[in-house]
Asks: 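Handing you this structure, nothing more for now.
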2 protein chains.
Amino acid sequence: MQDKITAILRKHQLSITEARKKILSLFWETGNALAHGDIEQKSSEDFDRVTIYRTLQTFVEKGIIHTIPTSDNSVRYALCKDECAAGHHHDDHVHFICDDCGTTYCIDEVSVPKVKLPKGFSAIQTDLVISGTCNKCEQ
Amino acid sequence: MQDKITAILRKHQLSITEARKKILSLFWETGNALAHGDIEQKSSEDFDRVTIYRTLQTFVEKGIIHTIPTSDNSVRYALCKDECAAGHHHDDHVHFICDDCGTTYCIDEVSVPKVKLPKGFSAIQTDLVISGTCNKCEQ
DNA sequence: AATATTTTGCAACAAAGTTGCATTGTTGTA
DNA sequence: TACAACAATGCAACTTTGTTGCAAAATATT
Ligand SMILES: [Mn+2]
Ligand SMILES: [Mn+2]
Ligand SMILES: [Zn+2]
Ligand SMILES: [Zn+2]
């Protein structure tokens with residue numbers, strides 16, 4: 001597990017630091033997407049807030065994590081699959097945010113459908129975000 | 001135009017105030033979606049920041065405007081069509097955010113495709129947000 | 001092990017968002 | 001039109017979130 005994490009950092013040519021290992025392992029352990037605030041709560045005793053901002057930014061740039069847009073001004077981040085690289089994300093799956101528990105899921109098995117845009121518009125990224133009730137909160 | 005605006009407010013049983021008329025007319029004039037910050041810039045001399053927060057919240061609750069999720073922690077708001085009402089939005093069109101000029105469009109002519117979710121997940125709202133280059137910024 | 005490079009923490013700051021309460025504005029009724 | 005009831009606004013004070021520069025610490029390279 002620690003090996004896996006250092007391997008990811010090495011692969012993306014990032015120096016291996018405590019903060020990066022810890023934040024990466026948080027994503028790995030929870031399995032779901034995390035907001036900046038979530039990470040801060042789970043590691044505020046270990047690291048400064050600023051380090052978290054900078055680490056998340058680095059991870060996005062390197063293609064280690066991707067962003068998930070939200071309507072509550074709290075972007076979520078989730079681990080990318082192997083195909084993602086610096087400057088080129090390939091996370092074309094659907095995202096789900098539970099209104100009950102707030103958990104944000106990468107629904108890897110459902111891919112984002114292609115849509116045809118009006119003349120003059122060209123797409124670089126498409127995000128499909130669904131909110132509702134997740135399988136754990138289903139009554 | 002002023003008539004149209006007061007009619008909307010009346011229809012949703014909101015008292016008619018300067019702030020609400022001004023903010024609604026901003027949406028009407030620009031035609032595109034606006035972030036809180038945009039509205040603040042265009043009306044900061046007329047109204048307090050707090051009033052803008054409260055007005056946007058009221059408009060969303062009443063079904064006058066809808067939110068558009070983003071990955072930059074700055075939710076956009078846009079006018080709803082007539083079918084939206086308090087507690088029930090029906091804005092199932094695609095949204096487009098231009099990476100160049102930042103303009104956010106409601107693409108009314110393209111509707112959000114239905115997707116089948118894994119067992120246990122039930123959707124309440126689906127947002128499809130595309131970013132890229134808009135028809136005005138196309139080289 | 002010594003040096004070069006990168007990352008981190010801290011401090012100071014700026015921007016964004018929230019809340020309570022007195023004042024002002026709006027609405028419906030007399 | 002005047003009045004009372006109610007709702008919206010402005011202001012102040014505050015909290016939370018995000019940014020920046022720089023010295024110290026950690027990591028990588030030789
Ligand atoms: Mn994802
Ligand atoms: Mn829209
Ligand atoms: Zn849930
Ligand atoms: Zn544009």
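Proteins get letters first, then strands, A, B, ... in listed order; numbering begins at 1 in each.
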Asks: Reading DNA chain D from 5' onward, which residue's closest nucleotide shows up sooner: B:Thr55 or B:Val50?
Replies: B:Thr55
Asks: From CD of B:Glu45 over to P of D:dG10, roughly how many Å is that when rounded to an integer?
Replies: 13 Å
Asks: Between atom CG in A:Asp72 and atom C1' in D:dT16, what is the gap in whole Å?
Replies: 14 Å
Asks: Mind telling me whether B:Phe121 and A:Phe96 have parallel, tilted or perpendicular rings, with 30° and 60° as the class edges?
Replies: perpendicular
Asks: Within less than 4.0 Å of OP1 or OP2 of D:dT17, is there a side-chain N or O belonging to A:Asn73?
Replies: no
Asks: Is the closest side-chain heavy-atom distance between B:Ile68 and B:Val75 below 4.5 Å?
Replies: no
Asks: Can you tell me how far C1' of D:dA7 sits from CD of B:Gln13, to the nearest Å?
Replies: 14 Å
Asks: Protein within reach of the bases, or only the backbone? For nucleotides 22-30 of chain C, mark each nucleotide 5' to 3' as B, S or -, using heavy atoms under 4.0 Å.
Replies: ----SS---
Asks: Touch check for A:Asp46, heavy atoms < 4.0 angstrom, all strands: base, sugar-phosphate only, or nothing?
Replies: sugar-phosphate
Asks: How close do A:Pro118 and B:Glu109 get, counting heavy atoms only, and between which atoms?
Replies: CG-OE2, 3.7 Å
Asks: Is there a donor-acceptor contact under 3.5 Å linking the side chains of B:Thr30 and B:Asn32?
Replies: no
Asks: Can you measure B:Ile52 atom CD1 to C:dA15 atom C1' for me and round it to whole angstrom units?
Replies: 14 Å
Asks: Considering just the side-chain nitrogens and oxygens of A:Thr51, establish if one lies under 4.0 Å of OP1 or OP2 belonging to C:dT8.
Replies: no
Asks: Whether B:Arg76 and B:Asp72 form a salt bridge (side-chain N of Lys/Arg under 4.0 Å from carboxylate O of Asp/Glu) is what I want to check.
Replies: yes
Asks: At 4.0 Å (heavy atoms only), tell me whether A:Arg20 reaches a base, stays on the sugar-phosphate, or touches nothing.
Replies: sugar-phosphate
Asks: Between P on C:dT19 and CD on B:Gln57, what's the gap in Å once rounded to a whole number?
Replies: 9 Å
Asks: For the residue pair B:His66 and B:Tyr77, is the inter-centroid distance of their aromatic rings smaller than 6.0 Å?
Replies: no
Asks: Taking atom types as they are modelled, would you say the side chain of A:Arg54 forms a donor-acceptor pair with the base of C:dG9 within the 3.5 Å cutoff?
Replies: yes
Asks: Rounded off to whole Å, could you give me the NE2-to-C1' distance for the B:His12 and D:dA7 pair?
Replies: 18 Å
Asks: In terms of side-chain heavy atoms, does B:Arg20 have a donor or acceptor partner in B:Thr55 at a distance below 3.5 Å?
Replies: no
Asks: Atom NE2 of A:His36 and atom C1' of D:dT19: how far apart are they, to the nearest Å?
Replies: 12 Å
Asks: Take the protein atom CZ of B:Arg76 and the nucleotide atom P of C:dA16, then report the distance between them rounded to whole Å.
Replies: 13 Å
